Q: 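Next up is a structure, given as structure tokens.
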Amino acid sequence: MRSRRWNQPSLGARLAAYAGLAFMHLPVLVIILYAFTTADRTYEFPPPGLTLHWFAAAFARADIWEAMRLSLSVAAVATLLAILLGSLTAGAGGADGGAIEVTHADLDLPVESRLAPDGRCLASLPRGLHDYRAGPLGRGGVL
Amino acid sequence: MTALSTFLYRRPTLYVALLLIPPLLWFGTVYLGSLFTLLAQSIYSIDEFTAKIVYEPTLATYKQVVTQRANVDIILRTLSMAIAVTIACAAIALPIANYMVRYASARTRALFYVGVMLPMWMSYLVKVYAWRLILAKQGILSWLLDTVGLGAALDAVLRLPGIGGPSLSSSYLGMFIVFVYMWLPFMILPLAAALEKVPESLLQASADLGARPAQTFRTVTLPLALPGLAAGSVFTFSLTLGDYIIPSVVGAPGYFIGMMVYQQQGTAGNIPLAAAFSVVPIVLIMIYLSLAKRAGAFDAL
């Protein structure tokens, strides 16, 4: 038997949460439904009938394909640029020189070795002392 | 290559500087540069007769913004909408964030997170037009209310002065609903992040000491979640102040700050007035932030 948590949500709390979630998805369903409606001048609901006509009408237009191509290329360039700039910023935030920490947990005095990216051991110091040496933005730094 | 990485590893400051230069250049030129270029225009004015910009520093454009009745109305209309939207977003987001963080199982919590973020991945414009369909005169909402026999109640609400109108899609009430819908994820996510940090032991202690769940929520959870509420409300407040698409697709014909900026720099060609108008939300946000800070909203950060 699943153990009861010490606090259970009231019915009201549960309902409010699910109602909020439903509210956030209502328009998504509406757009999907209206893609199939046979009404073409009004926003009539419920739809008088269902049809696939609008997909054929949309894909038959040349300008749709041109717009999609342009959107995709702009999106690709923007994403690449954001990945590049974002990674640089994030890299600066956690700048460690790409060092790997190795902890010798089996020693009485815990010693950590810092390895440079090429595998050379840069320093073996008691744990904690590395942080005093790392730069202003290194581990234990402020950024 | 290894020589380079070792060289950089021994000079952390140089390494960090090299990493940060490209993003800072981008942020400085593309973002701040264009912003300040626009703001600099606000100290110029436009010649009434030739419609050309007069490049002499003056406060005339700002005076026009804060003294002309129509402009003050636009600012007040936008401000009251932003406040109402922020309050409603907080009221709807709190139960959702609290439930997903506090009560939901791991699976349900994942469902909620995806469910909150999913609408953000949809086209903004598509969602606005979807709401037009929902709120239209013979749209889904009026059909639903008619079916359950509440059609008369909707008509009564629409007859109310100020928020009413011929239909929901052409009233301030409808615009308010769409704004709340649009910015809800921006309130839920920071709020959930803040609620995650509230230690469960405090809630247990509160319950042990005899507080009812509602009491615990009001006196323990809410004060500790205040930074999240503040962060979320800055989003909803500023997004409402700057938006120009929702007021032009849904709602009553009155102008909003964003629409005014859009129109003045576009068709009207009055860049100084557009620039002066875009300073208004910045000032309002600053006032809002200082008020929130004074209320202690950031103390728990």
Side-chain angles (χ1 to χ4, degrees), chain A residues 2 5-10 12-34 37 39 42-46 71 81-82 84-93 95-99 114 116-120 122 133-138 141 143, chain B residues 1-3 5-6 8-13 15-24 26-27 92-100 102-104 111-112 115-116 118-119 122 126-134 136-140 142-144 169 181 184-185 188 200 203-204 207 213 216:
Chain A
R2 190 169 160 267
R5 291 173 58 111
W6 63 278
N7 60 347
Q8 287 288 315
S10 68
R14 196 185 289 265
L15 277 181
Y18 279 97
L21 203 61
F23 170 63
M24 299 184 71
H25 290 274
L26 180 70
V28 183
L29 302 175
V30 166
I31 279 293
I32 295 172
L33 177 68
Y34 271 85
T37 182
T42 62
Y43 298 144
E44 200 177 331
F45 189 88
S71 296
L81 210 56
L84 183 71
L85 295 173
S87 310
L88 286 174
T89 316
D96 229 24
R114 285 247 168 135
D118 58 348
R120 274 184 311 121
L122 289 169
R133 288 156 34 86
L137 294 168
L143 196 78
Chain B
M1 200 65 208
T2 42
S5 60
T6 314
L8 285 174
Y9 180 76
R10 307 211 170 197
R11 288 164 189 76
T13 322
Y15 176 57
V16 167
L18 281 179
L19 284 177
L20 279 182
I21 284 169
L24 281 180
W26 177 274
F27 186 74
I92 299 175
L94 260 174
I96 300 178
N98 195 45
Y99 182 83
M100 66 196 252
R102 200 58 60 198
Y103 301 118
L111 175 89
F112 265 84
V116 169
L118 202 63
M122 267 189 76
V126 167
K127 286 186 288 183
V128 179
Y129 278 105
W131 274 101
R132 244 178 97 111
L133 298 175
I134 297 170
K137 201 159 185 63
Q138 287 175 315
I140 299 171
S142 69
W143 172 82
L144 197 70
S169 61
Y181 168 80
L184 201 51
I188 296 176
E200 198 157 90
L203 305 181
Q204 283 167 341
T216 303

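Throughout, protein chains are lettered first and strands after them, A, B, ... in sequence-line order, and every chain is numbered starting at 1. Predicted, not measured: the structure shown is a model, and the values here were computed from it.
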Q: For B/Tyr99, which residues count as a side chain to side chain donor-acceptor pair (under 3.5 Å) partner, sequence neighbours excluded?
A: A/Arg14
Q: Chain A heavy atoms under 4.5 Å from B/Arg11: which part of the residue, side chain, backbone, both or neither?
A: neither
Q: State, with a plain yes or no, whether a side-chain heavy atom of A/Ile31 is found less than 4.5 Å away from one of B/Lys127.
A: no
Q: Do the non-hydrogen side-chain atoms of A/Thr89 and B/Leu19 ever get within less than 4.5 Å of each other?
A: no
Q: What part of B/Phe27 gets closer than 4.5 Å to chain A, counting heavy atoms only: side chain, backbone, both or neither?
A: neither
Q: Please check this pair: side chain of A/His25 against backbone of B/Pro119, looking for a donor-acceptor N/O pair closer than 3.5 Å.
A: no
Q: Would you indicate whether the side-chain heavy atoms of A/Met24 and B/Pro185 approach each other to under 4.5 Å?
A: yes
Q: Against chain B, label A/Leu81 side chain, backbone, both or neither, depending on which of its atoms sit under 4.5 Å from a heavy atom there.
A: side chain
Q: Examine whether an atom of B/Ile188 lies under 4.5 Å from a heavy atom of chain A, and if so say whether it belongs to the side chain, the backbone or both; otherwise answer neither.
A: side chain
Q: Using heavy-atom distances under 4.5 Å, tell me whether A/Tyr34 contacts chain B through its side chain, its backbone, both, or neither.
A: side chain
Q: Considering only heavy atoms, which portion of B/Pro22 lies under 4.5 Å from any heavy atom of chain A: side chain, backbone, both, or neither?
A: both
